[in-house]
Structures are given as C-alpha cells and as structure tokens.
Amino acid sequence: MAALADAKRIVVKIGSALLVDARGRGLKQDWLLSLAADVATLKARGQDVVLVSSGSIALGRGVLGLPQTALALEQSQAAAAVGQIRLARAYEEALAPHDITTAQVLVTLEDSADRRRYLNSRATLEQLLSLGVVPIVNENDTVATDEIRYGDNDRLAAQVAVTVGADLLVLLSDVDGLYTANPNDEPSATRLDTVTRITPEIEAMAGDAGTGLSKGGMKTKVMAAKTATSAGCDMIITLGSRHNPLISIDKNESKTLFTAESDPQAARKRWIASMKPQGQIMVDAGAVRALSQGKSLLPAGVTQVSGNFGRGEPVEIVSTDGTNLGQGLTRYTSQEAETIVGHKSADIEAALGYPARAALVHRDDMALGSFSW
Ligand code: GLU
C-alpha cells in the first residue's frame, strides 16, 4: 500500500516553516486553506485524519516580538502559549467551512511513556476519530520542560501514528524526500523513491536538513520512519510547500515512501522488547518449557514476583537461575500477581476474589530471546 487513497487512517505532520511566515508575520493563510480542502477530500472518502501541527512557538514568537535566534526555555514556553491558541483557531476556521469539527490535543512525552496515560490518550483520540473529528495535535510546549519534551514533531507524529494505529504517516516537509546526501551540499544527490528497510546506510544519508523554524531535520524524519514502519505504518516524506500538498501525493508528485514492516506481530514483539521493565517474574522449569513451545505464561509456573507494576506494563521474565528469557506485558498488577503466584488457573478466581484472565502474560504480549532494532 503506497497511495494516499488506500489508507484508512492518516496522520499528517505539518512543519512550522510551511505554516508560519519566516519573519514571524503570521500564518500562510492560502496554504492552510488548500490543506484544509485536501483534508476535506480525505474525510469525504471516509478516511480518518489526524493533523500533528507545529507552529505554536514560531507564531507566538512573532506576536511577542521575541528574537529569531534561539529562545530560552521560558521564552519558548511563553511563545507556545500565545501561538498555540492562534494555531488551533486557524485550523478550526479553515476546516469549519467544510463542516469538519476540530479538536485540540496537546501531549508530552510522558503521555506515551506512561502506560496509563498512553491508554488514556489513545482512548481519547479513538473517540474523537469515531465522532468524525479531526484532532489537531501538538506538543504541550508550555508545560513540557526539556526532560519531558519530544522536542520535534516528527517524533511526536510517529508516536501519534502508532498510538492511533494509522496505516499512513505523511511528513510534509521543506524537502521532497530522502536524498542520498544533502542536496544543498551535494548537487549530484538523488532522491530515493522507496525505502523498504532502514539500514545504517539509510540513516547515514539523513545528515541534517533542518530549517530555521523547525526543530527536526532529515535525521528525526528517518527516526520517525523507524518508529512508524516497525509498527506497520507506511510513511511518506514529501514537499509540503506546494498548495494541496496531500492531493499532490495521489498525483504522483515526488516523495520518498518508507514501507511498513510486513510482519506487524514481529514489530510488536520488538516494541515490547524495547520497553523498560517495571518488574520481574521468575518462572520454574515447567514454565520455561511451556514458553519455549510458544505458550502463555500461567501463574502456576511462577515462583516469585518483584517490582511494582500495573496491568499492561512490561515485566522481565527470568528463570530460577536468573537467566533473562525476555519480557512481556502483564495482565495483572504486581499485587495481584503476588497473590496468585503458583496458583492453578482454576484457583485464581478464589484467590483474588473476582474473576480474572488465566494468563499472567499472554503469548501475544511476549517477546522472548533477544530482539534488536
Ligand atoms: N511543538 C513545536 C511548535 O509547535 C514545534 C516542534 C518542531 O518544530 O518539530 O512550535
């Protein structure tokens, strides 16, 4: 699947440079209206659309008359607060004539790192999409300090695409794709039409193509491609500055397509393996055998539980001699797990006092062995 027309759910990232005049004089209104017309076309075809838009800092900076040079954190936070309200209104006003309702969703890195908050923001986005709304997502720059920032919206957009299970992520950029080298330094550089695997060579091509306004360069775009494609989502980098930038994709304008990994289950396992474990579950020899046959981990085979974890959080699975077998997402909290250690499935309900699922870690939620990105 490569064409825009085939995607069911599309996340579009809009960089600051496309939307905000370089001298901070305001929004590029005509361009925004042409984007809104494209979004209306996609919605009319029954496609879900999420917009991840930068521009709050660039807009607010102009309004407040702050310098175009690097801003201190407090200055960018103030600029974001002033700019975001205008940004959201601009999208609302551009999409309303098409009878499209917009919603503002502001997130920080913690919203995807913390499982409970991640599930919460996923449920909200899902609800908005099911109501036909177009969410306008940005980082909550006003409260995000350096430690809890995404910092660039390429990364944020990839995370949003994974969160909502999008099948296509479009990064509207100031370049029309990934080149073999930076075309500004290397006139002989050529654009890649399709990337099926993100190899170290591909990563080396990314260099840095950042512009004055946006945080990301080609490097963050290739990182975004890694996140998206490994979760089964195609990603396109294309020139965003032309009018109707989305419909241009269907017309075969130049772009680079990063194709989604064909085995989303393997990708999911890599994702599980990459998470920071919140606890440890020790299992007996019988359970090790069962796991090696691809079975789920039942409480009966567990000898010890340590750590403090909630349902759905990653835990390390180790054998009694301490060998790390892999990790998985637990279906019980650490307190529940401690209560049912060693219990047969039939006894779990009596031990907990309420009905519960038998598997402590389901085989679909488990990554055994070593996985590398
Ligand atoms: N969140 C920032 C803003 O809206 C932009 C980050 C980026 O340029 O990627 O101004």
Side-chain angles (χ1 to χ4, degrees), residues 11-28 31-32 35 50-92 94 102-112 121 135-161 163 169-175 206 208-228 235 237-241:
V11 174
V12 182
K13 184 253 171 173
I14 299 124
S16 303
L18 299 174
L19 204 56
V20 186
D21 185 271
R23 277 154 302 214
R25 280 197 300 233
L27 282 165
K28 296 181 183 167
W31 182 85
L32 179 58
L35 175 76
V50 178
L51 301 179
V52 175
S53 182
S54 307
S56 67
I57 296 175
L59 262 180
R61 180 201 291 261
V63 175
L64 295 173
L66 294 170
Q68 292 301 316
T69 48
L71 298 178
L73 181 64
E74 312 79 65
Q75 287 178 313
S76 3
Q77 290 180 319
V82 169
Q84 182 61 34
I85 196 167
R86 288 164 195 251
L87 191 65
R89 191 175 61 215
Y91 277 102
E92 182 180 39
T102 45
Q104 174 181 260
V105 179
L106 299 178
V107 293
T108 59
L109 197 53
E110 285 180 326
D111 294 313
S112 62
S121 53
I136 315 291
V137 184
N138 196 2
E139 181 158 16
N140 196 350
D141 292 307
T142 296
V143 298
T145 59
D146 274 341
E147 305 79 64
I148 59 160
R149 291 194 77 200
Y150 278 99
D152 70 85
N153 277 8
D154 295 324
R155 192 168 161 208
L156 171 64
Q159 186 60 51
V160 169
T163 303
L169 167 64
V170 178
L171 301 185
L172 295 179
S173 173
D174 56 349
V175 278
D208 195 22
T211 62
L213 285 179
S214 66
K215 283 267 168 29
M218 213 24 95
K219 219 185 187 99
T220 56
K221 291 181 177 49
V222 171
M223 276 166 62
K226 263 184 151 177
T227 304
M235 189 184 105
I237 301 177
T238 191
L239 192 64
S241 53

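Since we're looking at a predicted model, the values are computed, not measured. We use all heavy atoms of the structure for the numbers below, so side chains are in, but hydrogens, waters and symmetry mates are not. When a ligand or atom number is given, it counts from 1 through the structure's own listing order.
Considering backbone and side-chain N/O of Ser56, one or more are found under 3.5 Å from N/O of ligand 1. For ligand 1, the polar-atom distance check finds no N/O of Ser53 at less than 3.5 Å from any of the ligand's N/O atoms. Ligand 1 has an N or O atom lying under 3.5 Å from an N or O atom of Asn138, backbone or side chain.
A distance-only check finds a donor-acceptor pair linking the side chain of Lys28 to the backbone of Ala17 [under 3.5 Å]. Arg61 contributes a side-chain N or O that, together with a main-chain N or O of Gln68, makes up a donor-acceptor pair within less than 3.5 Å.
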CA sep, side-chain torsions, deciding dist, call: Gln104, Glu92, side-chain hydrogen bond (donor to acceptor under 3.5 Å, both in side chains): CA-CA 9 Å; Gln104 174 181 260; Glu92 182 180 39; over 6 Å; no
Stepwise side-chain hydrogen bond (donor to acceptor under 3.5 Å, both in side chains) check, Gln84 with Asn138: CA-CA 9 Å; Gln84 182 61 34; Asn138 196 2; 3.0 Å; yes
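Taking 4.0 Å as the cut-off, Ala80 does not count as a neighbour of ligand 1 on heavy-atom distance.
A donor-acceptor contact closer than 3.5 angstrom links the side chains of Tyr91 and Ser53. The closest side-chain donor-acceptor pair between Asn153 and Glu139, if any, does not fall under 3.5 angstrom.
Using a 4.0 Å cut-off between heavy atoms, Ile57 contacts ligand 1 through both its backbone and its side chain. Looking at Asp141 against ligand 1, only its side chain comes within 4.0 Å, counting heavy atoms.
Against a heavy-atom cut-off of under 4.0 Å, Asp152 is close to the following atoms of ligand 1: 9 (O).
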